[in-house]
*Asks:* 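Below you will find the structure I want to go over with you.
What you see is a predicted model; the values in this text were computed from it and never measured. Numbers here are sequence positions counted from 1. Counting starts at 1 for both ligands and their atoms, following the listed order.
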Amino acid sequence: MDKLAIVVPCYNEEEVLIETVNVLVSVVTDLIQKEKISEDSFILFVDDGSKDKTWKLIEEENRINEYVFGLKLARNRGHQNALLAGLEYAKNLADITVSIDADLQDDVAVIEEMVDKYHEGCEVVYGVRDNRETDSMFKRNSAQIFYKLMKNLGVESVYNHADYRLMSKKAIDELSHYQEQNLFLRGIIPLIGYKTDCVYYSRGKRTAGESKYPLKKMISFAWDGITSFSIKPITMISVLGGIIAFFSGVSILYILIGKLLYGQTIQGWTSTMISIWFLGGVQLMSIGVIGEYIGKTYMESKRRPRYNIETTLNRSDEKAKDEKN
Ligand code: UDP
Ligand code: MG
């Protein structure tokens, strides 16, 4: 029988953690009863350097609950890195992983469907939202624009899929070969290949606590996603430069003809100022975008570790053994 690990990245999630443990434990025990997964399946909570009681709660739960495992990162590295840490740790202990956010906005009922698809031979099963009614209007629209933009820029990703997915050990082994620092799992995983499928669900509201993705993080996440997978922004700069050069050529002609043929001496202060500021702005922006790519190359070239593990908790820990005796 295949062993399942549910991987849950947590950052300051003390408000929802206990509830999440209860829900996920009941999912796991239910699947065990149905003989779809092995009895030693587990839930791995990855503490992404939380500043609140999150890790304490994980430790407590690990002591009293045989299904709860923990992994503590040395400091906050962000959702994507925390998730990767959890997946790479879990793949050595389990055959299948399902990643899910700690706030359980994603419907846990489809985990069973995911496992079924795995048994049908899928190595990756994407959880896809079929509506976004519970998200705020702003989040919904910005996400929509983001997916469209990504698609137009040539980044392959599954529409309306966040990081709720099943991955087999085999798929994670492949994922580990993608050594980039700038992690954008949704963009990388479709590159792996293998047989994949989707399951559909509607997304609920956060049960408690606040979103850990404020606007600033959302924008930087979107920007990372684009610049890590596409060099189209650089191409667009060249095109923009071409267009502006063309129009300035036309206006130079216009000015010269006006001056030479008709003797117009245009005061021209306004147009000069406008073009100086406009061109200056375009140039700065363009240099910025190119700089972004150079910066990314620089960061990648360091080959730093993507996360550092501080401690792990699992069933073989002394504490857990003591508890059983
Ligand atoms: N998260 C994390 N590290 C961070 C920020 C978030 O591990 O630096 C986790 C968080 O605990 C949650 C998941 O990533 O389990 C998604 O975060 P959230 O629900 O706040 O994002 P939203 O659903 O609002 O996009
Ligand atoms: Mg959430």
*Asks:* Is Ala102 in polar range of ligand 1, meaning some N or O pair under 3.5 Å apart?
*Replies:*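 Yes - when backbone and side-chain N and O of Ala102 are compared with those of ligand 1, one distance drops under 3.5 Å.
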*Asks:* Can we call the ring centroids of Phe69 and Phe42 under 6.0 Å apart?
*Replies:*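 Ring-ring flag for Phe69/Phe42: true, centres closer than 6.0 Å.
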*Asks:* side-chain contact (heavy atoms from CB on, under 4.5 Å) between Ile96 and Met167: does it pass, once the steps are laid out?
*Replies:* CA-CA 6 Å; Ile96 340 170; Met167 289 182 83; over 6 Å; no
*Asks:* Taking the six-membered ring where the residue is Trp, are the ring centres of Tyr164 and Tyr126 under 6.0 Å apart?
*Replies:*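 They do not qualify: ring centres at least 6.0 Å apart.
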*Asks:* Just by modelled atom types, is the Ala109 backbone N or O under 3.5 Å from a matching donor or acceptor in the Asp107 side chain?
*Replies:*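 Yes, because the side chain of Asp107 sits within donor-acceptor range (under 3.5 Å) of the backbone of Ala109.
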*Asks:* What protein heavy atom is closest to atom 1 (N) of ligand 1, reported as residue, atom name and distance in Å?
*Replies:*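 Checked against all protein heavy atoms, atom 1 (N) of ligand 1 sits closest to Tyr11 CB, 3.7 Å.
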*Asks:* Examine the proximity of ligand 1 to Asn12 and report which part, side chain or backbone, both or neither, has a heavy atom under 4.0 Å away.
*Replies:*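 Under 4.0 Å from ligand 1, Asn12 contributes no heavy atoms.
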*Asks:* Scan Asp197, Leu166, Ile189 and name whichever one has a side chain to side chain contact (heavy atoms under 4.5 Å, CB included) with Val124.
*Replies:*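 Per the side chain to side chain contact (heavy atoms under 4.5 Å, CB included) rule, the option paired with Val124 is Ile189, out of Asp197, Leu166, Ile189.
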*Asks:* Applying side-chain contact (heavy atoms from CB on, under 4.5 Å), run through Asp40 and Arg315 and close with a yes or a no.
*Replies:* CA-CA 9 Å; Asp40 52 356; Arg315 229 168 260 144; 3.4 Å; yes
*Asks:* To check your reading of the model: name the closest protein heavy atom to atom 24 (O) of ligand 1, its residue, and the distance in Å.
*Replies:*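 Checked against all protein heavy atoms, atom 24 (O) of ligand 1 sits closest to Ser211 OG, 2.5 Å.
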*Asks:* For atom 19 (O) of ligand 1, what's the nearest protein heavy-atom neighbour? Residue, atom name and distance, please.
*Replies:*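 The closest heavy atom on the protein side is Asp103 OD2, 2.6 Å.
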*Asks:* How far is atom 18 (P) of ligand 1 from its nearest protein heavy atom, and which residue and atom is that?
*Replies:*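 The closest one turns out to be Arg206 NH2, 3.4 Å.
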*Asks:* Please give the atom name: the N, O or S atom of Asp103 nearest to the Mg ion (ligand 2).
*Replies:*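 Atom name returned: OD2.
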*Asks:* Taking non-hydrogen atoms only, is Asp101 closer than 4.0 angstrom to ligand 1 via side chain, backbone, both or neither?
*Replies:*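 For Asp101, backbone and side-chain atoms both sit under 4.0 Å from ligand 1.
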*Asks:* Students should be able to answer this: which protein heavy-atom is nearest to atom 6 (C) of ligand 1, and at what distance?
*Replies:*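 For this ligand atom, the closest protein heavy atom is Lys212 CB, 3.6 Å.
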*Asks:* Do Tyr118 and Glu123 meet the criterion of a side-chain donor-acceptor pair at a distance under 3.5 Å?
*Replies:*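 Glu123 and Tyr118 do not have a side-chain donor-acceptor pair below 3.5 Å.
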*Asks:* Between Tyr11 and Phe221, is there a shared hydrophobic cluster once you connect ILVMFWY residues whose side-chain heavy atoms come closer than 4.5 Å?
*Replies:*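 Result: no, two separate clusters.
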*Asks:* Among all protein heavy atoms in this structure, tell me which lies nearest to atom 12 (C) of ligand 1, with the distance rounded to 0.1 Å.
*Replies:*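 Result for atom 12 (C) of ligand 1: Glu13 OE2, 3.4 Å.
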*Asks:* Look at the side-chain heavy atoms of Ile, Leu, Val, Met, Phe, Trp and Tyr, link any pair under 4.5 Å apart, and say whether Val250 and Leu253 land in one connected group.
*Replies:*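 No, Val250 and Leu253 fall in different hydrophobic clusters.
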*Asks:* At under 4.0 Å between heavy atoms, is it the side chain or the backbone of Cys10 that contacts ligand 1, or both, or neither?
*Replies:*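 It is the backbone that touches ligand 1; the side chain stays farther off.
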*Asks:* Tell me the protein heavy atom at minimum distance from atom 3 (N) of ligand 1, and give that distance in Å.
*Replies:*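 Ranked first by proximity to atom 3 (N) of ligand 1 is Asp48 OD2, 2.6 Å.
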*Asks:* Should Val46 and Ile309 be counted in the same cluster of Ile, Leu, Val, Met, Phe, Trp and Tyr side chains packed under 4.5 Å apart?
*Replies:*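 Val46 and Ile309: one cluster.
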*Asks:* Lys217: heavy atom below 4.0 Å from ligand 1, yes or no?
*Replies:*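 It does, in that a heavy atom of Lys217 comes within the 4.0 Å cut-off of ligand 1.
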*Asks:* At what distance is the nearest protein heavy atom to atom 9 (C) of ligand 1, and which residue and atom is it?
*Replies:*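 For this ligand atom, the closest protein heavy atom is Pro9 O, 3.8 Å.
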*Asks:* Heavy-atom distances under 4.0 Å decide this one: backbone, side chain, both or neither, for Arg77 against ligand 1?
*Replies:*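 Near ligand 1, Arg77 shows nothing, with every heavy atom at 4.0 Å or more.
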